[in-house]
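Quick notes on the structure that follows.
Only this structure's heavy atoms are used, side chains among them; waters, hydrogens and symmetry mates stay out.
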Amino acid sequence: MKQQKRHQTNLISLVTLLVMTALLVFLSIVLYNHSKLEIRFDTLINWLNQIDDAIVNLDSDIEIIVCIFALYIAKCQLPIPMGFLCVISGIVFPITQAVIINLVFCVFFFTVKYVEGQFIGGGWTGMILGIKQLHFVRDWIQFKGNGNPYVLFVSRLVPSIPLGMVSKYYGSMKYDFVYYTCLSILGFAPRLFIYTKIGSAIYNPFSVQFIVLLMIIVAFTCISVFTFNIFYGIKSKQMNQTLLIYSEKEKYKIVL
């Protein structure tokens with residue numbers, strides 16, 4: 001059983017590494033040939049530029065902001081990628097305004113999920129961490145019941161960790177709301193900026209800026225998954241060894 005778990009962990013790590021390598025090689029080829037691709041797909045780029053001009057000429061920015069806010073409200077209950085919402089703002093508004101809009105709406109989202117956790121509990125995260133093999137992860141996150149600030153910050157930074165699930169779990173622990181909000185924003189800020197910047201550069205998907213941003217997202221996502229998988233494998237092995245030592249002690253314990 002232990003050997004099977006170790007093989008599964010190694011297989012996931014190998015697949016993640018292969019996928020990351022393949023994507024980065026592909027994007028590197030695209031980056032090297034970006035000038036030729038811009039010429040070849042000139043019609044597509046012109047069409048995207050026409051969309052950009054049409055968006056700039058829209059009459060009411062407030063109506064657009066209301067529509068984006070409606071998407072963030074829907075995100076509170078639907079599995080809409082946060083990166084997608086940030087990209088939309090980057091498409092519609094200049095980079096500075098788009099970052100501010102995304103920042104405000106992300107605070108709204110984090111607040112809603114935190115309050116949900118306070119009233120209805122940790123949800124799926126609590127159920128998953130209730131699995132015996134993941135108790136060490138649960139104890140690490142709970143940090144003696146107070147909540148681990150480092151885990152909260154890293155969970156916002158890493159793209160592969162769901163934002164809503166972590167928010168609800170910290171809400172269920174009654175973690176200090178001010179610290180929760182500050183750490184959430186600080187951790188998510190690099191991703192927010194990159195996603196928004198992708199939106200502003202999406203009108204030329206073969207530009208150096210756009211391709212480099214994609215490479216950063218792919219590399220960071222795959223490395224975070226790879227690192228977590230290694231961490232899980234090490235901690236799981238340590239936990240199994242601890243349980244084995246404890247069971248051996250109990251076997252030879254003399255009851256007086």
Tell me the closest heavy-atom pair linking P149 and L183, and the distance in Å.
CB-CD1, 3.6 Å
Quick check for you: to the nearest 0.5 Å, what is the distance between T181 atom OG1 and L186 atom CG?
10.5 Å
Aromatic rings F188 and Y195: how do their planes relate, parallel, tilted or perpendicular, breaks at 30° and 60°?
tilted
To check you understand the geometry: which heavy-atom pair defines the closest contact between V158 and R191, and what is its length?
O-NH1, 3.2 Å
SG of C86 to OH of Y72: how many Å apart, nearest 0.5 Å?
4.0 Å
Where do L85 and N102 come nearest, in terms of heavy atoms and distance?
O-OD1, 3.8 Å
Quick check: is F109 connected to L78 through a chain of hydrophobic side chains (ILVMFWY, heavy atoms under 4.5 Å apart)?
yes
Indicate yes or no: at least one non-hydrogen side-chain atom of K197 is less than 4.5 angstrom from one of V99.
no
From S184 OG over to Y179 OH, what is the distance, rounded to the nearest 0.5 angstrom?
14.0 Å
Side-chain heavy atoms under 4.5 angstrom apart, residues restricted to Ile, Leu, Val, Met, Phe, Trp, Tyr: same cluster for F26 and I29?
no
Closest approach of V178 to D176 (non-hydrogen atoms, all atoms of both residues)
N-OD1, 3.1 Å
Counting C-beta onward and ignoring hydrogens, is there a side-chain heavy-atom pair between Q118 and M173 closer than 4.5 Å?
no
State, yes or no, whether a side-chain contact exists between L152 and S155 at a heavy-atom distance under 4.5 Å.
yes
C106 side, atom SG; L192 side, atom CG - distance, nearest 0.5 Å
5.0 Å
Any side-chain heavy atom of F193 sitting closer than 4.5 Å to one from L103?
no
Within this structure, what is the CD-OG1 distance for the pair E116 and T111, rounded to the nearest 0.5 Å?
11.5 Å
Let me confirm one number: the CG-SG distance from L71 to C76, rounded to the nearest 0.5 Å.
11.5 Å
Sidechain-backbone polar pair: K113 side chain, G164 backbone, donor-acceptor under 3.5 Å:
no
Where does the angle between the aromatic ring planes of F105 and F69 fall among parallel (under 30°), tilted (30 to 60°) and perpendicular (over 60°)?
tilted
Heavy-atom check, side chain of I73 versus side chain of V112, under 4.5 Å
no
Does K168 reach the side chain of I120, with side-chain heavy atoms less than 4.5 Å apart?
yes
Under 3.5 Å, is there a donor on one side chain and an acceptor on the other for S167 and R156?
yes
Taking every non-hydrogen atom, the tightest pair across V218 and L24:
CG1-CD2, 4.3 Å
Taking the side chain as everything from C-beta on, heavy atoms only, tell me whether I100 gets closer than 4.5 Å to F93.
no
Which of parallel (below 30°), tilted (30 to 60°) and perpendicular (above 60°) describes Y180 and Y114?
tilted
Close side-chain approach of I95 to T196, heavy-atom, < 4.5 Å:
yes
